[in-house]
Amino acid sequence: MFYGTAENAHGLRHDPFKAIVAPRPIGWIGTKAADGRLNLSPYSFFNAVSDTPKLVMFSSSGHKDSVTNIEETGVFTCSLASRDLAEKMNASSIAVPRGVDEFAIAALTPVPGCLVDAPYVGEAHAALECRMTQILRPLGLDGRESDNWVVFGEVVGIHIGTEILNDGMIDMAAARPLGRMGYMDYCDGGSDVFAMMRPKAG
């Protein structure tokens with residue numbers, strides 16, 4: 001089948017776009033407002049975009065508390081959402097008024113960053129401390145800004161739990177990172193791990 005996205009007449013029960021661009025890592029973003037209130041929210045539009053410098057990004061559909069807090073403070077964290085924390089990650093996705101602490105809602109421990117004034121999830125197997133480098137609103141073909149805020153941050157500190165380390169590397173079978181699929185589906189990134197070496201020319 002084929003359809004043009006301008007009309008989006010795919011004839012399916014649900015829009016398949018996010019099911020095709022999958023699995024997507026989950027950015028479990030921890031922030032602290034200028035007045036000290038904490039926020040924790042998962043974002044499925046998240047990824048690493050560079051390793052030199054170490055840059056990550058997440059995209060918020062609408063100007064949510066995470067973006068507001070980062071605009072105020074310039075920092076955030078990203079905790080690894082793993083299979084053993086899936087239900088707590090989901091609990092932290094609830095839509096609540098500004099100032100309500102999702103760490104408390106999900107019964108998670110907020111731990112202050114070592115290098116940034118933002119909390120990460122104490123129960124997470126790994127976490128990134130980030131300083132915001134750029135916030136932008138991407139443009140559509142019509143040249144108009146979308147109702148999305150893309151936040152870029154440079155990773156300045158990394159926490160790793162020794163329980164997921166094996167022979168000097170992160171063991172994905174132990175970390176079991178969550179991936180966001182389409183619809184209401186998720187996957188366990190540690191369930192079918194295999195390695196392939198990049199081919200050499202000539």
Side-chain angles (χ1 to χ4, degrees), residues 24-49 51 53-60 64-133 135 149 151-166 168-180 186 188-190:
R24 300 184 305 281
I26 297 168
W28 208 2
I29 306 300
T31 59
K32 182 178 177 181
D35 64 7
R37 292 180 294 182
L38 306 183
N39 182 268
L40 178 67
S41 299
Y43 290 88
S44 68
F45 290 111
F46 166 82
N47 220 316
V49 294
D51 65 353
K54 291 177 171 59
L55 297 174
V56 295
M57 59 72 62
F58 74 93
S59 179
S60 173
K64 297 187 170 72
D65 291 349
S66 298
V67 178
T68 299
N69 293 348
I70 294 168
E71 288 173 335
E72 291 178 352
T73 66
V75 297
F76 63 96
T77 68
C78 179
S79 298
L80 176 67
S82 51
R83 181 65 188 90
D84 57 316
L85 296 174
E87 287 70 25
K88 290 181 180 291
M89 180 280 299
N90 191 46
S92 73
S93 72
I94 188 171
V96 291
R98 178 164 172 77
V100 176
D101 184 352
E102 292 88 353
F103 281 95
I105 288 174
L108 290 164
T109 307
V111 179
C114 295
L115 301 177
V116 304
D117 190 16
Y120 65 92
V121 174
E123 291 80 2
H125 297 299
L128 310 176
E129 297 189 17
C130 307
R131 293 192 180 278
M132 182 268 290
T133 59
I135 298 177
W149 276 258
V151 179
F152 292 87
E154 182 166 345
V155 179
V156 296
I158 298 177
H159 301 265
I160 304 174
T162 56
E163 71 278 0
I164 64 170
L165 292 176
N166 183 11
M169 296 189 294
I170 292 178
D171 183 350
M172 287 302 169
R176 300 182 67 188
L178 285 178
R180 188 72 165 92
Y186 294 82
D188 179 341

Donor-acceptor contacts under 3.5 Å from residues 84-91 side chains, at least two apart:
{"unit_1": "Asp84", "atom_1": "OD1", "unit_2": "Ser82", "atom_2": "OG", "d": "2.6"}
{"unit_1": "Asp84", "atom_1": "OD1", "unit_2": "His125", "atom_2": "NE2", "d": "3.4"}
{"unit_1": "Asp84", "atom_1": "OD2", "unit_2": "His125", "atom_2": "NE2", "d": "3.3"}
{"unit_1": "Lys88", "atom_1": "NZ", "unit_2": "Ala106", "atom_2": "O", "d": "3.1"}
{"unit_1": "Lys88", "atom_1": "NZ", "unit_2": "Ala107", "atom_2": "O", "d": "3.4"}

Which heavy-atom pair separates Leu38 from Pro119 by the least distance, and what is that distance? CD2-CG, 3.9 Å
Show the nearest heavy-atom pair for residues Trp28 and Ser92, with the distance to one decimal. NE1-OG, 2.9 Å
State plainly whether the residues Lys64 and Glu102 are in salt-bridge range, i.e. N to O under 4.0 Å. no
Is any side-chain heavy atom of Thr77 less than 4.5 Å from a side-chain heavy atom of Leu128? no
Interatomic spacing from NE2 in His159 to CD in Glu129 - rounded to 0.5 Å: 3.5 Å
So, for Val155 and Cys130, which heavy atoms are closest and what is the spacing to 0.1 Å? CG2-SG, 4.0 Å
Exam field: side chain Ser79 to backbone Val121, donor-acceptor pair closer than 3.5 Å: yes
Any donor-acceptor pair under 3.5 Å linking the side chain of Glu72 with the backbone of Ala34? yes
Which of these passes ring-ring contact (aromatic ring centres under 6.0 Å, His included) with Phe58: Phe76, Trp149, Phe45, Phe46? Phe76
Can you list every ring pair (Phe, Tyr, Trp, His ring centres under 6.0 Å) pair that touches residues 80-112, not counting sequence neighbours? none
Testing the basics here: between Ser44 and Arg24, what is the closest heavy-atom pair and its distance to 0.1 Å? O-NE, 3.1 Å
For the side chain of Glu123 and the backbone of Leu108, is there at least one donor-acceptor N/O pair under 3.5 Å apart? no
Rounded to the nearest 0.5 Å, how far does CZ of Arg37 lie from CG of Asp65? 8.0 Å
Given Asn69, which of Thr31, Asn39, Asp35 fulfils the side-chain hydrogen bond (donor to acceptor under 3.5 Å, both in side chains) condition? Thr31
Inter-residue atom distance Ile164.CD1 - Arg176.CZ, 0.5 Å rounding: 13.0 Å
Are any of the side-chain heavy atoms of Lys32 and Pro112 separated by less than 4.5 Å? no
Can you check whether Gly190's main-chain N or O pairs, donor with acceptor, with Asp188's side chain at less than 3.5 Å? yes
Could you check whether any side-chain heavy atom of Tyr43 comes within less than 4.5 Å of a side-chain heavy atom of Ser59, counting everything from C-beta outward? no
Does atom CZ (Arg83) have a neighbourhood of more than 12 heavy atoms from anything else shown, all under 6.0 Å? no
